[in-house]
Amino acid sequence: MELVQFANRLKEIEEEPSDLSIRELIVNMFGDENVDIKIVVRFLLGRVFPAWDDQKLDIGPSLCYNAIASASGSDITVEDIENSLASIGEIGLVAEKYNTSTQRGLFSFGSEESTAMTLDELYSDLYIIASIQGTGSLEKKRRVLSNLFNLCGPLEARYLARLVLSEMRIGVGEGAIRDAISAAFEIPIMDVERALQVSNDFGFVAEMSRDKGVEGVHEIKLKVGRPISSMLAQSSTIEDALSAWKLVSVEPKYDGARIQAHYNGDSIRLYSRNMEDVTKPLPEVVEFLQENLSKPAILDGEVVATDSDGNSLPFQEVLRRFRRKHDIEKARREVRLRSYFFDCVYADGVELLDSPLSLRREHLDSILKEGSSPFLLTDDQKEIRKIELKALEDGFEGIMLKNPDSTYAPGKRGKNWLKCKPSVETLDCVITGAEWGNGRRANFLGAFELSVISSNVDADIEYKNIGRVGTGITDAELEEMTELLRPYIESQTGKLVKLTPEIVLEVGYEEIQSSSNYSSGYALRFPRVIAVRHDKKPGDAETLEKIEQLFKS
Ligand code: AMP
């Protein structure tokens, strides 16, 4: 399939409001003979490789903007691209607006004899970009990407920009792909879901479904050496856990980094929460498991760092080690790593994803001599409080409460694992925009646009936005915020208002993510309003530099 045809299909999907019709459009595409279903599925999800693959594009927003600028001609600068992004708000439409194609005639006249790029060719070039490493790699990647933009007409440029930044914005999520595979090849959704959970490769599952049907899907099993997504936790309270379950499993919440250990009976491989192979930088964890793990297994746990006296070090130390490529022996002398394993999804030939936590823990304890996280079952609130206090005293982040009857749900942030920690991460951001609400909230400003300082020269401050926040505020507070912000309204387009940067808001968040949706290149995950910082001026807000540091740490 040619990229131009694919781009037209994507546009159709993007403009389609109904989920059911989107599924139909995807199913139709699966039926197209010329389609490499593996690639199509990954691209639909804004991915080039499966999540666990060592191959990574490593294209950040700034490299992408540079590539678009250089493909657009010598008179277009990166600043032009960034300014357009600030007004248009989304990089795909910016790439579409600039004419990156050097084959202008061809696209405008719709030549019969098309030399247009195919999806396979695009995939090969993206593969090349991923393989470029070492000195000067950024510049080399930029050049290949810029050449790709040269081969794109406007619509293809829209989707290429989004694809390399992993944000397709076409309203197709993993659920839609799962449902489309199920509908196209008449395979029960649960079977497709399971194959996806154990393989983490939507392209592969789609291909097996098409080529071998339901039997093919059943062939896809947990495999030692192929990481699965980690089960995740929600923030909650001891009271919620006790009211939901008869017994609660209580564990310390370690302040480290997630690790998945795979042992095939011969060698150990370790994977991070992002499914990156981190075996090499963590030799002490490998040695520990070689000594203590007696059977082939897939274990889930956390690695924490301590100094030589055993005092806890911040989790950034572990993440730094994950990225370390050289002088690992030296790093090992400076920072001690300790691993705690709290789950086991495969033990000595037995798949345990569907077994209750209490049984998985029995398997864990039977194959791991040392290194299991404590596992205590109780229904006594006072006892849990005591453990919580002790955990905090011992320098842990808080406690994890788990439902002992629950199965392992890869990649799910469900209600069976609850984290209780006393503090949340916060940032001070400047409000640079807002939106008039609907219905009951029509006279209130909400959905506040959050910005951070990108440069601060001679009191001439420049801001870049990092997201919007609309949760964590009552109606009364919204009314107060509206009166506070009203004097600063600079302009209004539809319901959106632009505000003079004046009010600083303290915002809680879960994580900083890279994102092409906002001009800072980052977004806050689950932002919520904590308080207006009347004591702060816009110049006291966080800087983009700090956000970059937090993101990298
Ligand atoms: P958070 O990163 O705040 O969303 O908390 C969830 C993370 O806590 C998990 O992804 C693990 O990396 C980590 N964690 C620490 N201790 C435990 C534990 N006992 N059980 C499960 N996850 C834990």
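Fair warning: this is a prediction, and the values are worked out from it, not measured in the lab.
- A donor-acceptor contact shorter than 3.5 Å links the side chain of D201 to the backbone of F204.
- Look at K386 and E383 and you find no salt bridge, because none of the NZ, NE, NH1 or NH2 atoms lies under 4.0 Å from a carboxylate O.
- Residue-environment remark: CD (E370) stays at or below the threshold of 12 foreign heavy atoms within 6.0 Å.
- More than 12 heavy-atom neighbours from other residues, nucleotides or ligands sit within 6.0 angstrom of NZ on K419.
- For the atom pair L352 CG and H363 NE2, the distance stands at 4.5 Å (nearest 0.5 Å).
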CA sep, side-chain torsions, deciding dist, call: E239, R385, salt bridge (charged side-chain N to carboxylate O under 4.0 Å, His left out) | CA-CA 10 Å; E239 293 68 29; R385 282 255 173 264; 2.9 Å; yes
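- V198 approaches I220 most closely through the heavy-atom pair CG2-O, 3.6 Å.
- The shortest distance between side-chain heavy atoms of K412 and Q197 falls below 4.5 Å.
- Between L247 and P404 there is a side-chain heavy-atom pair separated by less than 4.5 Å.
- For E207 and K38, the salt-bridge test passes: some basic side-chain N is under 4.0 Å from an acidic carboxylate O.
- Remark: side-chain polar atoms of D53 are not paired, donor with acceptor, to backbone N or O of F49 under 3.5 angstrom.
- Contact check on E284 versus R321 returns a salt bridge, with a Lys/Arg side-chain nitrogen under 4.0 Å from an Asp/Glu carboxylate oxygen.
- We find the CD1-SG distance between I387 and C420 to be 11.5 Å, quoted to the nearest 0.5 Å.
- S339 places no side-chain N or O within 3.5 Å of a backbone atom of V303 that could act as its donor or acceptor partner.
- With no hydrogens or angles considered, a side-chain donor-acceptor pair links Y254 and S373 at under 3.5 Å.
- A donor and an acceptor atom, one from each side chain of Y408 and E351, are nowhere located under 3.5 Å apart.
- Between K141 and L63 there is a side-chain heavy-atom pair separated by less than 4.5 Å.
- Between E276 and R323 there is no salt bridge, since none of the side-chain N atoms of the basic residue sits less than 4.0 Å from a carboxylate O of the acidic one.
- Proximity of a side-chain donor or acceptor of E167 to a complementary backbone N or O of R169 within less than 3.5 Å is not detected.
- Counting heavy atoms of neighbouring residues, nucleotides and ligands inside a 6.0 Å radius, atom NZ of K56 exceeds 12 of them.
- F375 CZ to D343 CG: the interatomic distance, rounded to the nearest 0.5 Å, is 9.0 Å.
- With salt bridges taken as basic N to acidic carboxylate O contacts below 4.0 Å, one links D277 and R269.
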Step by step, would you call S312 with D255 a side chain to side chain donor-acceptor pair (under 3.5 Å)?
-> CA-CA 9 Å; S312 303; D255 189 13; over 6 Å; no
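- Closest of all the heavy-atom pairs between V335 and A305 is CG1-CB, 3.7 Å.
- Proximity of S520 to I547: side-chain heavy atoms (C-beta onward) are nowhere separated by under 4.5 Å.
- Judged purely by atom type and a 3.5 angstrom limit, D394 has no side-chain atom pairing as donor or acceptor with the backbone of F396.
- No more than 12 heavy atoms of other residues, nucleotides or ligands lie within 6.0 Å of CD in E545, so this atom counts as exposed by the packing criterion.
- The two residues A184 and F30 come nearest to each other via the heavy atoms CB-CD1, 3.9 Å.
- More than 12 heavy atoms of other residues, nucleotides or ligands sit less than 6.0 Å from atom CG of D348.
- One finds the CD1 atom of I22 at 6.0 Å from the CD atom of E16 (value rounded to the nearest 0.5 Å).
- To the nearest 0.5 Å, atom CH2 of residue W417 and atom OG of residue S236 are 15.5 Å apart.
- No more than 12 heavy-atom neighbours from other residues, nucleotides or ligands sit within 6.0 angstrom of CZ on R338.
- A salt bridge links R158 to E14: one of the charged nitrogens lies within less than 4.0 Å of a carboxylate oxygen.
- Looking at K221, its side chain does come within 3.5 Å of a backbone N or O of H218 through a donor-acceptor pair.
- You'll find the side chain of P410 stays beyond 4.5 Å of the side chain of S230, heavy atoms only.
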Hey, mind stepping through D300 and I259 against side-chain contact (heavy atoms from CB on, under 4.5 Å) and telling me if it holds?
-> CA-CA 6 Å; D300 189 8; I259 191 99; over 6 Å; no
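- Here E393 does not pair with K390 in a salt bridge; the nearest charged N to carboxylate O distance is not below 4.0 Å.
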Verify ring-ring contact (aromatic ring centres under 6.0 Å, His included) between F526 and Y509, making sure each step is shown before the conclusion.
-> CA-CA 5 Å; F526 300 139; Y509 69 97; over 10 Å; no
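- The residues E302 and R258 are annotated as not salt-bridged, no charged nitrogen and carboxylate oxygen being separated by less than 4.0 angstrom.
- Between F6 and F43, the angle of the ring planes lies from 30° to 60°, which puts this pair in the tilted group.
- Counting all heavy atoms, side chain and backbone alike, D191 lies closest to V217 at O-CG1, 3.3 Å.
- Without hydrogens or angle criteria, T426 side chain to G508 main chain gives no donor-acceptor distance under 3.5 Å.
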Go through the steps for Q513 and Y522 under the test side-chain contact (heavy atoms from CB on, under 4.5 Å), then give the verdict.
-> CA-CA 6 Å; Q513 299 175 317; Y522 296 96; over 6 Å; no
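- The closest donor-acceptor contact from the side chain of S516 to the backbone of I91 lies at 3.5 Å or more, if one exists at all.
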From CA spacing to verdict: side-chain contact (heavy atoms from CB on, under 4.5 Å), M231, N416 = CA-CA 10 Å; M231 181 160 173; N416 283 318; 4.1 Å; yes
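- Contact annotation: the side chain of L364 approaches that of F341 to within less than 4.5 Å [non-hydrogen atoms, C-beta and beyond].
- Side-chain contact between V214 and P188 is present, with heavy atoms from C-beta onward closer than 4.5 Å.
- Between the side chains of D354 and T407, no donor-acceptor pair is found at a separation under 3.5 Å.
- Smallest separation of non-hydrogen atoms from R360 and L353: NH1-O, 4.5 Å.
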Worked verdict on V250 versus I238 for side-chain contact (heavy atoms from CB on, under 4.5 Å) | CA-CA 10 Å; V250 193; I238 299 174; over 6 Å; no
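- L377 has its side chain out of reach of V248: every pair of non-hydrogen atoms, C-beta onward, lies at least 4.5 Å apart.
- The residues E329 and R332 are annotated as salt-bridged, a charged nitrogen and a carboxylate oxygen being separated by less than 4.0 angstrom.
- Taking the ring axis of F342 as reference, the NZ or CZ atom of K402 stays within 45° of it and closer than 6.0 Å to the ring centre.
- Between I268 atom CD1 and L289 atom CG the span is 4.5 Å, to the nearest 0.5 Å.
- Of all heavy-atom pairs spanning C64 and L145, the tightest one is CA-CD2, 4.1 Å.
- Checking side-chain atoms of Q260 against main-chain N and O of I228 turns up a donor-acceptor pair under 3.5 Å.
- Here the side chain of R324 pairs a donor or acceptor atom with the backbone of H326 at under 3.5 angstrom.
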Test log, rule side chain to side chain donor-acceptor pair (under 3.5 Å), inputs E449 and N465 = CA-CA 7 Å; E449 182 190 68; N465 54 27; 3.0 Å; yes
